[in-house]
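Everything on this sheet refers to the single structure shown next.
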Amino acid sequence: PELRPNTDIYNLVFQSWSNQKAYKRRQNNRQPVAGARAEALLSRMEGLYDRGLKRCKPNSESYCNVLTAYLNQFPVSMRSVSNADRIYRKMLTRHETVGLDGVMSSSNRNTLDKIIMAYSKLYRNADAALSADNLFREVVERFRNDTSLVIDKPDCFTYGHVLKCWNRARAPNSPTKTLEIFQLMEDLFASGKTDVVADSYCLRQLIDTLAYSEKGIYGELAKELLERTISLQGDSPDPKVLGHAFWCAIRCYSNQKEPAGANLIFDQMLLLSAEQEQSI
């Protein structure tokens, strides 16, 4: 290796800061040191490159390690996740303006998922859900316009965790927001822009959000989501997945004060249960 620092050397230092999670937990040291120090070094690296030092060009690995240092801070906080979000957006902008090397390398795939999953760990936090939603929509919009501007492509896991953010927020507008995201996924698939379709996890987050809504208007929609969940389960259904879906659908009809609808779902549940017992 050269004596003078270059991109690889900087990235090794960033990586060391991104691996501080286990150490900080063992030492019971919750000071948010790793992310801030890694970001300060990244800013220095950017400055060197912008002044013409080409061997110190930050790449996608540089940014991903720095934002991971923020995500690994313990405990998870809105501040640390927001900082990771900010570094991710900076990476997207940097890629759009000067270009980044290694945008599809294995080291930075699913970075978007990591940030949104971190937001989903902040319970009862509508601000966290809104931040995750905004980041997700920005990436989707970039993907719609030019796939080369996207560091990692939104997948079913991404959609599922944005839905989970709104589900856990338990905000008054959570049902509306989850339905918007679900419809966006359906529209992009129908237009051929993506091959991502809702899986059982996405449907679980959506129907669960509807079940906890105080608005008694989601009975029929919950029934449709239940039917879709049953269809996805196929010949080897997961009892926990189906049991939860049935519970949510019944609760939606209960909130709607429609006992006939709740009884219909209950009868369907009994019938399906009997069929499964006979097949054993």
*Is there a side-chain contact (heavy atoms from CB on, under 4.5 Å) between Y218 and N255 once you walk through the steps?*
CA-CA 8 Å; Y218 296 117; N255 292 341; over 6 Å; no

Minimum heavy-atom distance [X]-[Y], with the two atoms named:
X	Y	value
N125	A128	OD1-N, 2.9 Å
I265	K223	CD1-CG, 3.9 Å
P175	P172	CD-O, 3.7 Å
I217	Q256	C-OE1, 3.4 Å
A84	L67	CB-O, 3.6 Å
A169	A126	CB-CA, 4.0 Å

*Is E186 salt-bridged to R228, going by a charged N under 4.0 Å from an acidic O?*
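Here E186 pairs with R228 in a salt bridge, since their nearest N and O are under 4.0 Å apart.
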
*asked:* I'd like to know if E39 and K90 make a salt bridge, using a cut-off of under 4.0 Å between side-chain N and carboxylate O.
replied: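 No, this pair does not count.
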
Hey, could you give me the [atom1]/[atom2] distance between [X] and [Y], rounded to the nearest 0.5 Å?
X	Y	atom1	atom2	result
S254	R251	OG	CZ	8.0 Å
L242	Q268	CG	CD	10.0 Å
L112	C64	CG	SG	10.5 Å
D208	L203	CG	CG	12.0 Å
Y119	D133	OH	CG	11.0 Å
F246	S273	CZ	OG	9.0 Å

Check whether any side-chain heavy atom of [X] sits under 4.5 Å from a side-chain heavy atom of [Y], and report yes or no.
X	Y	result
D199	Y159	no
K114	Y88	no
R89	D85	yes
L48	Y10	yes
L221	L179	yes
C165	I116	yes
T229	L232	no
T7	M45	yes

Report yes or no: do [X] and [Y] belong to one cluster of Ile/Leu/Val/Met/Phe/Trp/Tyr joined by side chain heavy-atom distances under 4.5 Å?
X	Y	answer
Y253	L272	yes
L130	F136	yes
M78	I115	yes
I207	I230	no
F157	L163	no

Answer yes or no: is there a donor N or O on one side and an acceptor on the other, between the side chain of [X] and the main chain of [Y], under 3.5 Å?
X	Y	answer
S120	M117	yes
S174	N167	no
N65	E61	yes
N72	S18	yes
N19	Q15	yes
R204	A245	no

*Test log, rule side-chain hydrogen bond (donor to acceptor under 3.5 Å, both in side chains), inputs N59 and N11*: CA-CA 9 Å; N59 58 20; N11 284 346; 3.2 Å; yes

*Side-chain H-bond candidate by donor/acceptor type, T178 with Q205, under 3.5 Å*: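 The criterion, which ignores hydrogens and geometry beyond distance, is not satisfied for Q205 and T178.
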
*List the steps, then state whether side-chain hydrogen bond (donor to acceptor under 3.5 Å, both in side chains) holds for D113 with H161.*
CA-CA 8 Å; D113 293 338; H161 274 84; over 6 Å; no

*Would you sort out whether I87 and M91 count as a side-chain contact (heavy atoms from CB on, under 4.5 Å), showing the intermediate values?*
CA-CA 6 Å; I87 297 297; M91 176 171 63; 5.6 Å; no

*asked:* Could you walk me through whether S60 and H95 satisfy the side-chain contact (heavy atoms from CB on, under 4.5 Å) test, starting with their C-alpha distance in whole Å, then the side-chain angles of each, then the deciding distance to 0.1 Å, before giving a yes or no?
replied: CA-CA 8 Å; S60 59; H95 179 46; over 6 Å; no

*Step through the shown structure and confirm whether more than 12 heavy atoms of other residues, nucleotides or ligands are within 6.0 Å of CZ on R44.*
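12 or below, so no.
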
*asked:* Is it the case that atom OH in Y201 sees more than 12 heavy atoms from other parts of the structure closer than 6.0 Å?
replied: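 Correct, the count exceeds 12.
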
*Going through the checks in order, is the side-chain hydrogen bond (donor to acceptor under 3.5 Å, both in side chains) test met by D187 and Q183?*
CA-CA 6 Å; D187 291 345; Q183 190 59 53; 2.8 Å; yes

_Applying side-chain hydrogen bond (donor to acceptor under 3.5 Å, both in side chains) to S131 and N134, what does each step give before you reach the verdict?_
CA-CA 5 Å; S131 296; N134 288 338; 5.6 Å; no

_Worked verdict on V76 versus V81 for side-chain contact (heavy atoms from CB on, under 4.5 Å)_ = CA-CA 7 Å; V76 178; V81 184; 3.7 Å; yes

*For the pair W247 and Y212, name the ring-plane relationship: parallel under 30°, tilted 30 to 60°, perpendicular over 60°.*
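Because their plane-to-plane angle lies in the 30° to 60° range, the rings of W247 and Y212 count as tilted.
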
